[in-house]
Amino acid sequence: MRRCGVKWMRVADVLARRGIDVGGAVCVKGWVRSNRESKADGGLCFVTISDGTCFDPVQAVVRADAAGFANAQRLTAGCAVEVEGTLVESQGKGQAVEIAATAVRVVGWVDDPETYPVSNKRHTFEYLREVAHLRVRTNTFGAVARVRHCLSFAVHRFFHERGFYYVHTPIITASDCEGAGQMFRVSTLDLLKLPTRSRPDGGREVDFSQDFFGKEAHLTVSGQLNVETYCSALSRVYTFGPTFRAENSNTSRHLAEFWMIEPEIAFADLHADADLAEEFIRFLIDTVLTERADDMRFFEERIEKGLIARLRHVLETPFRRLPYTEAVELLRRAADKGAKFEFPVAWGTDLQSEHERYLTEEHFKQPVVLMHYPKSIKAFYMRLDDGCAPGRETVSAMDVLVPRIGEIIGGSQREERLDRLDQRLDEMKLPKEDYGWYRDLRRYGTVPHAGFGLGFERLMLFVTGMQNIRDVIPFPRAPKQADF
RNA sequence: UCCCCGAUAGCUCAAUGGUAGAGCAACCGGCUGUUAACCGGUUUGUUGUAGGUUCGAGUCCUACUCGGGGAGCCA
């Protein structure tokens, strides 16, 4: 590969004048965003070039005496170029500095400019989803990609700085005890020639002992049960990895493949868990506002007016913590006073989306942490609250609700008492033998512990103001959607 | 999975059951330190798929596919 004669720099550094100043020689490489040609001054082209390193492209001014001028005149959106020149103060408005080009080299042309899928104009997000391999070249998806990176690193930094260890929990699981919805099967059996064996009742069933793992295997729906084992030795741990749900969910808030962050802390109760969740969300917002100010300004201006004020409000206001029972009373009073709910509010049933939205968007207008849900609507591993009235048993669960998104975090203090855990397994008709290693944790040095799960893409929606979860992950997987 | 809405040029959208249109993009020309540039011109169609009704269907009916909004499941 040919090298530039002068120093090749990232556009982000050129525009910020890091390692270069006006008058310096520079080379940039990237993709053309726009090209405007002028006949003034003997002919010149204004070529804006993005290399994805920051929101703004850099403008190169190519005059007729520059090497490669004839090619520069033919540049269209999407062409890959190298530009050499001098950094100068811009004579035009809209940019402080620009590159006075001495040479332009076209690295890759666009075959057919008329049908280039992301030409220089407005496109709907639905359309761009159909060209997911090219949509990252747009303002919006470039910004999404950089914010996603920024938040990913912030997640690791937050936990690392607080003494948490990052645990790689398995993607494939042969235990059928995670119990969080439909799972994707993992198998190497020939679907056209499935081995079968007889069941005790005389029927036939697939013989998974002949499958790759010797038993049924699936993609994980949660790393929590596995990460609890490491928590019971390393004290403070977290996972951050892909998660899979085979639910037929067709919404703007669900994916079949998404990334989840699951911290788990030992010697901790539900309030320590909520403290952690709150500090965590604040840290992430603060980081992205500081490190991706350029992209966040774009989201504020073009995606959601008031976004930055909304995020700053979250930074400055403590989350409102509220027991489920009080939330139900509050919602019933609101309904009496005229709040329009499609579904009734009753103790013992899960809150509907409209109820959650009322609490966080209308009543409190801030993130809300709902705690101590009825045990009947929560998972077996959540800790039974002490001192409950008969018929009003609750568990130490918490959901963090935020405006616009609804539930962004679900967590709980875990049941660390073996007898209570076994009681819950029995009540929910779950076979104890499937939970051998999980029950062992309660037999060998059990401790109170707690954790939560945060859907990374939902965090992205909350932080960017984007509306559809399929637009905040590079290549979305959802029912009937696994292209690219 | 359920309810509602939609699918027409490369993109965004028009078109009373009666000849398929505009803006943008692209291309050509004009003007211009341009920047959502502007002005003039040119090119662009299996109207999502399969049936049906009708003299005639982009338009009406049925099914399917895909997309959007809402709900459920949840993160």
Side-chain angles (χ1 to χ4, degrees), chain A residues 33-48 56-63 74 76-78 88-95 98 100 110-131 134 138-139 179-182 221-224 240 242-262 277 302 342-343 350-354 356-357 377-379 399-402 405-411 452-462 467-471 473 478-481 483:
Chain A
R33 279 295 178 82
S34 67
N35 182 17
R36 287 174 288 269
E37 195 182 346
S38 171
K39 293 288 193 302
D41 292 355
L44 64 167
C45 294
F46 298 94
V47 184
T48 55
D56 288 318
V58 67
Q59 173 165 275
V61 181
V62 189
R63 294 185 182 275
R74 295 168 49 217
T76 57
V88 298
E89 285 179 19
S90 179
Q91 296 174 37
K93 289 176 180 142
Q95 60 281 319
E98 64 193 17
V110 165
D111 276 353
D112 178 7
E114 188 180 0
T115 57
Y116 178 59
V118 288
S119 57
N120 192 16
K121 63 189 167 218
R122 285 183 199 170
H123 295 288
T124 60
F125 292 151
E126 293 80 23
Y127 165 72
L128 288 170
R129 221 172 283 149
E130 295 169 11
V131 286
L134 297 170
T138 64
N139 282 337
Q182 288 293 111
V221 294
S222 165
Q224 181 202 315
F240 183 6
T243 310
F244 307 88
R245 304 275 166 92
E247 302 288 350
N248 193 5
S249 296
N250 294 289
T251 81
S252 56
R253 300 182 311 284
H254 290 85
L255 289 167
E257 176 183 288
F258 64 99
W259 288 66
M260 190 154 63
I261 298 146
E262 296 177 289
R302 295 298 176 90
E342 187 184 346
F343 296 95
D350 213 352
L351 299 182
Q352 302 286 322
S353 290
E354 57 175 347
E356 295 180 349
R357 276 204 310 275
I377 58 172
K378 287 294 182 181
D399 284 358
V400 178
L401 313 177
V402 295
I405 312 298
E407 184 182 342
I408 196 169
I409 281 179
F452 62 78
L454 177 135
F456 187 64
E457 284 74 19
R458 290 199 179 165
L459 173 74
M460 284 289 297
L461 292 178
F462 185 63
Q467 301 277 334
N468 196 312
I469 201 162
R470 298 172 194 203
D471 296 330
I473 188 168
K480 304 285 161 59
Q481 185 170 42
D483 295 327

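A quick note: this is a predicted structure, and the numbers were derived from the prediction, not measured. Below, chain A is the first sequence line, B the second, and so on; all start at residue 1. Hydrogens, waters and symmetry mates play no part in the numbers below; they use all other heavy atoms, side chains included.
Ring-to-base geometry places A:F258 in a stacked arrangement with B:A75 (centre distance under 5.5 Å, plane angle under 30°).
Look at B:U62: its Watson-Crick or wobble partner, with both distances under 3.5 angstrom, is B:A50. Using the Watson-Crick or G-U wobble rule with both distances under 3.5 Å, B:A71 pairs with B:U1. The nucleotide B:C27 finds its pairing partner in B:G41, both defining distances of the Watson-Crick or G-U wobble pair being shorter than 3.5 Å.
Rounded to whole Å, the P atom of B:G52 lies 12 Å from the corresponding atom of B:A57. A distance of about 27 Å separates the C1' atoms of B:C64 and B:C11, rounded to the whole Å. For the C1' atom pair drawn from B:C31 and B:C38, the interatomic distance equals 8 Å after rounding to whole Å. Going from the P atom of B:G23 to that of B:U44 covers 15 Å, rounded to whole Å. When the C1' atom is compared between B:U34 and B:U42, the two are found 25 Å apart, to the nearest whole Å. Spacing of P atoms, B:G58 relative to B:A9, comes out at 14 Å, to the nearest Å. A distance of about 15 Å separates the C1' atoms of B:G45 and B:A14, rounded to the whole Å. Atom name C1', nucleotides B:G67 and B:U8: the rounded distance is 15 Å, in whole Å.
Between the side chain of A:H123 and the base of B:C11 there is no donor-acceptor pair of N/O atoms closer than 3.5 Å. If you check distances only, the side chain of A:Q59 does reach the base of B:U34 with a donor-acceptor pair under 3.5 Å.
Side-chain contact, A:E257 with A:T243: no donor N or O sits under 3.5 Å from an acceptor N or O. In this model, a donor atom of one side chain and an acceptor atom of the other lie less than 3.5 Å apart for A:N139 and A:R33.
As rounded to whole Å, 13 Å separates atom C1' of B:C74 from atom CD1 of A:I377. Note: CG (A:L401) to P (B:A75) measures 12 Å, nearest angstrom. What separates CD of A:Q224 from C1' of B:C74 is a distance of 14 Å, to the nearest Å. Atom CG of A:N35 and atom P of B:A37 are 11 Å apart (whole Å). The separation between A:F244 atom CZ and B:C73 atom C1' is 19 Å, rounded to whole Å. Look at CD on A:Q95: it is 11 Å from P on B:U35, rounded to the nearest Å. If you measure from atom CD of A:E356 to atom C1' of B:A75, you get 12 Å, rounded to the nearest angstrom. Atom pair A:E37:CD and B:C31:P shows a separation of 12 Å (rounding to whole Å applied).
Within 4.0 Å (heavy atoms only), A:G92 reaches at least one base atom of the nucleic acid. Using a 4.0 Å heavy-atom criterion, one finds that A:V61 contacts the bases of the nucleic acid, with or without backbone contacts as well. Within 4.0 Å (heavy atoms only), A:E98 reaches at least one base atom of the nucleic acid. Contact annotation for A:I409: backbone-only contact, meaning every heavy-atom pair under 4.0 Å involves sugar-phosphate atoms and none involves a base. Across all strands shown, A:I408 has heavy atoms under 4.0 Å from sugar-phosphate atoms exclusively, and none from any base. The residue A:Y127 sits close only to the backbone: its heavy atoms come under 4.0 Å of sugar-phosphate atoms, none of a base.
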Report, as a single string ordered 5' to 3', how protein heavy atoms within less than 4.0 Å touch nucleotides 63-71 of chain B: B base, S sugar-phosphate only, - not at all.
---SSSSSB

Contact state string [nucleotides 20-27 of chain B, B base, S sugar-phosphate only, - no protein heavy atom under 4.0 Å]
----SBSS

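The CG atom of A:L255 sits 6.0 Å away from the CD atom of A:E457 when rounded to the nearest 0.5 Å. Here A:E262 contributes atom CD and A:M260 contributes atom CE; the two are 3.5 Å apart, rounded to the nearest 0.5 Å. We find the CD1-CE distance between A:I469 and A:M460 to be 10.0 Å, quoted to the nearest 0.5 Å.
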Which is it for A:Q95 and A:S90 under the side chain to side chain donor-acceptor pair (under 3.5 Å) test, yes or no, and what are the steps along the way?
CA-CA 6 Å; A:Q95 60 281 319; A:S90 179; 3.0 Å; yes

Mind running side-chain contact (heavy atoms from CB on, under 4.5 Å) on A:L461 and A:Q467 for me, showing each step along the way?
CA-CA 7 Å; A:L461 292 178; A:Q467 301 277 334; over 6 Å; no

Using side-chain contact (heavy atoms from CB on, under 4.5 Å), reason through A:V61 and A:F46 one step at a time and then give a plain yes or no.
CA-CA 5 Å; A:V61 181; A:F46 298 94; 3.9 Å; yes

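Checked by atom type and distance alone, the side chain of A:S249 never pairs as donor or acceptor with a backbone atom of A:T251 at under 3.5 Å.
The phosphate of B:U35 has neither OP1 nor OP2 within less than 4.0 Å of any side-chain N or O from A:T48. The shortest distance between the side-chain N/O atoms of A:R36 and the OP1/OP2 oxygens of B:A37 is below 4.0 Å.
Nearer to the 5' terminus of RNA chain B, by closest-nucleotide assignment, is the contact made by A:T115 (compared with the other of A:T115 and A:L454).
Ring centers of A:F244 and A:F258: at least 6.0 Å apart, outside the cut-off.
Applying the ring pair (Phe, Tyr, Trp, His ring centres under 6.0 Å) rule to A:H254 yields no partners; only residues at least two apart in sequence or on another chain are considered.
Counting non-hydrogen atoms of other residues, nucleotides and ligands closer than 6.0 Å to CG of A:D111 gives a total of 12 or fewer.
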